[in-house]
Novice: 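Before we start, here is the structure in question, set down as structure tokens.
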There are 2 protein chains.
Amino acid sequence: MSTKQLKLTSFSNQDKLIVHNLLQKKVLEIEHNDQLKLENQLCFSVYACSREITKMYRPYLDKLGITYPQYLVLLVLWEQHETTVKALGAELYLDSGTLTPLLKRMEESGLVRRERSKEDERRVMVRLTTKGEELKDDASIIPDAMATNSGLSKEEFTKALTSFQQLLDHIHSVNDKK
Amino acid sequence: MSTKQLKLTSFSNQDKLIVHNLLQKKVLEIEHNDQLKLENQLCFSVYACSREITKMYRPYLDKLGITYPQYLVLLVLWEQHETTVKALGAELYLDSGTLTPLLKRMEESGLVRRERSKEDERRVMVRLTTKGEELKDDASIIPDAMATNSGLSKEEFTKALTSFQQLLDHIHSVNDKK
DNA sequence: ATTATTTAAGTTGTGCACAATTAAATTTTA
DNA sequence: TAAAATTTAATTGTGCACAACTTAAATAAT
């Protein structure tokens, strides 16, 4: 069917207006639908990206006998040496339901010590053991390897980071408001 | 201590060179360290972003009685109506170890049917039930709400999506190579 | 045709995530 | 200061993720 057949020669002006409005409505509908698909794509790509990144870390972290969330805890402790479950949760956006068992496993494997604060017995202090500190050297090659594997140029890298942090900051504040 | 005290007036030319080289080395070291921190920040923000996004979806999905991964499965099935575990895994980057129990739960709650293909009995076909199809209407408000909540303008949105997909594609291909 | 290989899904075990609840210590308020 | 409210961790239960392995069917190689 050629488009020529669709010329509205036999239509009244009013009918033409109706058809025109219908078309316009349809176009908006399609554009809207495309937006929704983009929205879905964005959320999916973040979700998949996160898992692919941890998969990328895995072979390196396996050698150290730790998992990705455990590595994040160590990154904090290598900077601060001592912290609390609460503070750790605020930095990593994780709650005690996740951190308590995770830290127990890390204690089990000799990387950290956990003990109640004497000043405020609600708090649990988390500190590195010697073994935990020493792991820093073995882990020092990881960020370089990951930067290479990510395949981004310095500019692309910075752009990606900006996007992610912008999105993260906003969503986190929206989520916390409720 | 003022910087004026640091002038190398009493140094020989050779000593000045040595000091200069030391300084240059230190600067490179600091720059390298900053790069590593950026790398860590990128990986962390992707990880946290992913969880914050699912948290943003949760109240909407709770009303429908589904989880975020189940929602992703439904997004695929609302487009295709029928698929296999294998194909679903390829689209969502998930394996049967994750999908089989997930699909069983969805079958349990009456959203999908699972049955062995007659042509190739290794395959399991996944199809929507009427209930699963009808859920599409209830879910139609979600992408709009999420786009609003994400707080990104259309441009920022597109830029972010490009970054994420670029990163995802590259890492996924790197991970698969091994 | 028979054996070997590959493919697809399921199973098992470990470790997050997180909602909801509980328990205990501390702070606020009446 | 005694009771109420808040803060901090821990606990319980559900649902992913994924590595490693098993099982069964289909395809390829001999």
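Below, chains carry the letters A, B, ... as their sequence lines are ordered, and counting in each starts from 1.
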Novice: Would you kindly give the CG-to-C1' distance between A:Leu92 and C:dG15, to the nearest whole Å?
Specialist: 16 Å

Novice: Relative to the 5' end of DNA chain C, which residue comes earlier, A:Tyr93 or B:Pro101, by the nucleotide with the nearest heavy atom?
Specialist: B:Pro101

Novice: Verify, without hydrogens or angle tests, whether A:Asp95 (side chain) and A:Thr98 (backbone) share a donor-acceptor contact under 3.5 angstrom.
Specialist: yes

Novice: So, B:Glu91 side chain and B:Val76 main chain: donor-acceptor pair closer than 3.5 Å or not?
Specialist: no

Novice: May I ask you to say what A:Thr84 touches in the nucleic acid, namely base, sugar-phosphate or nothing, with a heavy-atom cut-off under 4.0 Å?
Specialist: sugar-phosphate

Novice: So with a 6.0 Å cut-off around CD of A:Gln14, is the heavy-atom count from everything else above 12?
Specialist: no

Novice: Compare side-chain N and O positions of A:Arg116 against OP1 and OP2 of C:dA25 and report whether any pair is under 4.0 Å apart.
Specialist: no

Novice: So, is B:Arg58 close to the C:dA17 phosphate, meaning a side-chain N or O under 4.0 Å from OP1 or OP2?
Specialist: no

Novice: Please report the distance, rounded to the nearest Å, between CG in A:Leu102 and P in D:dA9.
Specialist: 15 Å

Novice: Starting at CG of B:Leu99 and ending at C1' of C:dT11, how long is that distance when rounded to a whole Å?
Specialist: 14 Å

Novice: Examine C:dT26: is either OP1 or OP2 under 4.0 Å from a nitrogen or oxygen in the side chain of A:Arg123? Give yes or no.
Specialist: no

Novice: Quickly work out the A:Asp120 CG to C:dT26 P distance and round it to whole Å.
Specialist: 5 Å

Novice: Taking only side-chain N and O atoms of A:Ser117, does any of them lie within less than 4.0 angstrom of OP1 or OP2 on D:dA9?
Specialist: no

Novice: Considering only NZ, NE, NH1 and NH2 on the basic side and carboxylate oxygens on the acidic side, decide whether B:Glu52 and B:Lys55 come within less than 4.0 Å.
Specialist: yes

Novice: Report yes if at least one side-chain N or O of B:Thr67 is closer than 4.0 Å to OP1 or OP2 of D:dC16; otherwise report no.
Specialist: yes

Novice: Counting heavy atoms from C-beta on, name the nucleotide in D:dA19, C:dA19, D:dA25 closest to the side chain of B:Lys55.
Specialist: C:dA19

Novice: Does the side chain of A:Arg51 get closer than 4.0 angstrom to OP1 or OP2 of D:dC18 through an N or O atom?
Specialist: yes

Novice: Measure from the side-chain N and O atoms of B:Thr54 to the backbone N and O of B:Arg51, and report whether any donor-acceptor pair falls under 3.5 Å.
Specialist: yes

Novice: Check the distance between D:dA10's P and A:Leu88's CG and give it to me in whole angstrom.
Specialist: 12 Å

Novice: Does A:Arg105 place a side-chain N or O at less than 4.0 Å from the phosphate oxygens OP1/OP2 of C:dC16?
Specialist: yes

Novice: To the nearest Å, give me how far apart CG (A:Leu103) and C1' (D:dT8) are.
Specialist: 14 Å

Novice: Evaluate the ring planes of B:Tyr68 and B:Tyr57, with Trp represented by its six-membered ring, and classify them as parallel (under 30°), tilted (30 to 60°) or perpendicular (over 60°).
Specialist: tilted

Novice: Closest nucleotide of DNA chain D for A:Thr100 versus for A:Tyr47: which of these residues is on the 5' side?
Specialist: A:Thr100

Novice: Tell me the interatomic distance from B:Glu52, atom CD, to C:dA17, atom P, rounded to whole angstroms.
Specialist: 13 Å

Novice: Please check the phosphate of C:dT11 (OP1 and OP2 only) for any side-chain N or O of B:Lys104 closer than 4.0 Å.
Specialist: yes

Novice: With DNA chain D as reference, determine whether B:Glu119 or A:Met125 sits nearer its 5' end, using the nearest nucleotide of each.
Specialist: A:Met125

Novice: Of A:Arg122 and A:Leu94, whose closest DNA chain C nucleotide lies nearer the 5' terminus?
Specialist: A:Leu94

Novice: Whole angstroms only, please: what is the CD-P distance between A:Glu107 and D:dA9?
Specialist: 14 Å

Novice: Do A:Ser96 and D:dA10 have a side chain to base donor-acceptor pair shorter than 3.5 Å?
Specialist: yes

